Amino acid sequence: MEQAALSRIELRKEIEAEMLRQTYTRDSTAPEITHRFLAKPTDVNWGGNVHSGTAMEWIDEAATNVTMSFSSERTVAVYIGGIRFYQPIHIGDLVEVNTRLVRTDARSMSGMVHLRAGDPRKPQEKLPLAIHASFTYIAVDLDGVPLNARQFVPVTAEDKKLSEHALTLRKLREKFAPHPLVEIPEQPIKLTS
């Protein structure tokens, strides 16, 4: 387990550095959706902070929303990563989950999520960043068979820059070969009573 964890450290550092290099402006034609809501008492743990699993559910819902809206098909996550938690989210915080599709390939749709959260009494445009992540989804038919992706063509300089950013993140994941979390024995294990 230790070797598996250590083998992932360098990958995480490189992905984090690549994600922090990016800026996001309004100069984009990319499909984008924002969900806004208040964090409920049922969303938090005993310490008063939102469960990370709940935040991941919010990210998945927003990413599913933008990919289904763009593709007009059912979509499923095949990757969510590069996740960075910058600050806790509390009961009553205004939560804003912004998802932007930035790249399509033959079958996949990739994008970025910025989850901001803070005091709803303050200006919404000043909500601090709480979580940042990237995602990849595919469209599937009713039997779960992958479909070809509807293609997004980057138009603006921002669109092109973020499309390249998504490709760079994918290449980083391919560059590293982390140790498996569980070693599968070469010989089958026999259970006896």
Side-chain angles (χ1 to χ4, degrees), residues 11-71 75-104 109-137 152 154-170 172-173:
L11 172 60
R12 289 182 63 82
K13 285 181 181 177
E14 290 220 23
I15 287 175
E16 182 174 14
E18 173 62 24
M19 289 180 78
L20 288 174
R21 274 193 284 277
Q22 296 309 306
T23 56
Y24 297 80
T25 69
R26 290 275 149 238
D27 183 27
S28 175
T29 62
E32 185 175 10
I33 289 179
T34 301
H35 292 189
R36 285 187 189 91
F37 49 89
L38 297 175
K40 302 180 295 302
T42 54
D43 294 330
V44 300
N45 59 28
W46 59 269
N49 298 326
V50 166
H51 296 279
S52 58
T54 299
M56 291 305 299
E57 184 179 337
W58 296 339
I59 287 169
D60 180 51
E61 288 171 354
T64 299
N65 188 182
V66 78
T67 56
M68 287 178 74
S69 176
F70 174 72
S71 68
T75 62
V76 295
V78 293
Y79 174 83
I80 295 183
I83 301 160
R84 293 294 171 264
F85 293 87
Y86 297 108
Q87 71 170 37
I89 304 165
H90 308 320
I91 294 172
D93 277 357
L94 176 62
V95 178
E96 175 183 278
V97 188
N98 177 267
T99 57
R100 185 188 297 188
L101 190 71
V102 296
R103 181 180 182 82
T104 55
M109 297 169 276
S110 299
M112 301 297 153
V113 176
H114 291 87
L115 189 153
R116 292 176 172 77
D119 188 339
R121 295 166 292 192
K122 294 186 177 174
Q124 290 184 21
E125 63 275 2
K126 299 207 189 261
L127 287 174
L129 183 64
I131 303 171
H132 182 196
S134 66
F135 63 83
T136 302
Y137 279 59
F152 165 64
V155 175
T156 68
E158 170 93 347
D159 294 339
K160 293 173 184 172
K161 177 187 74 154
L162 289 174
S163 177
E164 284 303 310
H165 170 56
L167 185 59
T168 299
L169 290 174
R170 179 174 292 164
L172 281 173
R173 292 193 312 266

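As the structure is a prediction and not an experimental result, all values here were calculated from the model.
Taking each heavy atom of I89 and A39 in turn, the nearest pair found is CG2-CB, 4.3 Å. In plain terms, the two heavy atoms of A117 and Q87 that are nearest each other are O-NE2, 3.2 Å. Of all the heavy atoms in M68 and T75, the pair that sits closest is CG-OG1, 3.2 Å. For the residue pair T156 and S28, the shortest heavy atom distance occurs at OG1-CA, 3.8 Å. Across M109 and S71, no two heavy atoms sit closer than the pair SD-CB, 4.0 Å. L101 approaches A30 most closely through the heavy-atom pair O-CB, 3.0 Å.
Separation of atoms OG (S69) and CD (E32) is listed at 12.0 Å; rounding is to 0.5 Å. Here the straight-line distance linking atom CD1 of I80 with atom CE of M56 works out to 4.5 Å at 0.5 Å rounding. How far CG of N98 is from CG of L115: 10.0 Å, rounded to the nearest 0.5 Å.
Checked for salt-bridge contact, K161 and E158 meet the test: a charged N lies under 4.0 Å from a carboxylate O.
In this structure, a donor-acceptor pair under 3.5 Å is absent between the side chains of T54 and D43. With 3.5 Å as the limit, one finds a donor-acceptor pair spanning the side chains of T136 and S110.
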request  = Just do the side chain to side chain contact (heavy atoms under 4.5 Å, CB included) check on I131 and V113 with the steps written out, would you?
outcome  = CA-CA 8 Å; I131 303 171; V113 176; over 6 Å; no
inquiry  = With side chain to side chain contact (heavy atoms under 4.5 Å, CB included) as the criterion, how do R103 and L169 come out once you've worked through the C-alpha distance, each side chain's angles and the decisive distance to 0.1 Å?
reply    = CA-CA 11 Å; R103 181 180 182 82; L169 290 174; over 6 Å; no
request  = Mind running side chain to side chain contact (heavy atoms under 4.5 Å, CB included) on H132 and M19 for me, showing each step along the way?
outcome  = CA-CA 8 Å; H132 182 196; M19 289 180 78; 3.4 Å; yes
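With respect to E96, the side-chain hydrogen bond (donor to acceptor under 3.5 Å, both in side chains) criterion is satisfied by exactly one of H35, R36, R116: R36.
Remark: side-chain polar atoms of D159 are paired, donor with acceptor, to backbone N or O of T29 under 3.5 angstrom. Side-chain atoms of N45 come within 3.5 Å of backbone atoms of G48 as a donor-acceptor pair (strictly under, hydrogens ignored). T64 places a side-chain N or O within 3.5 Å of a backbone atom of D60 that can act as its donor or acceptor partner.
H90 has its side chain out of reach of V44: every pair of non-hydrogen atoms, C-beta onward, lies at least 4.5 Å apart. Using a 4.5 Å heavy-atom cutoff, the side chains of L94 and L38 are in contact. A heavy-atom distance below 4.5 Å is not found between the side chains of T168 and Q22. With a 4.5 Å cut-off on side-chain heavy atoms, E61 and V97 do not count as touching. No side-chain heavy atom of N49 sits less than 4.5 Å from a side-chain heavy atom of F85. Between V102 and F135, the closest side-chain pair of non-hydrogen atoms is not below 4.5 Å.
Using the six-membered ring where Trp is involved, H114 and Y24 have ring planes that are perpendicular, over 60° apart on the 30 and 60° scheme.
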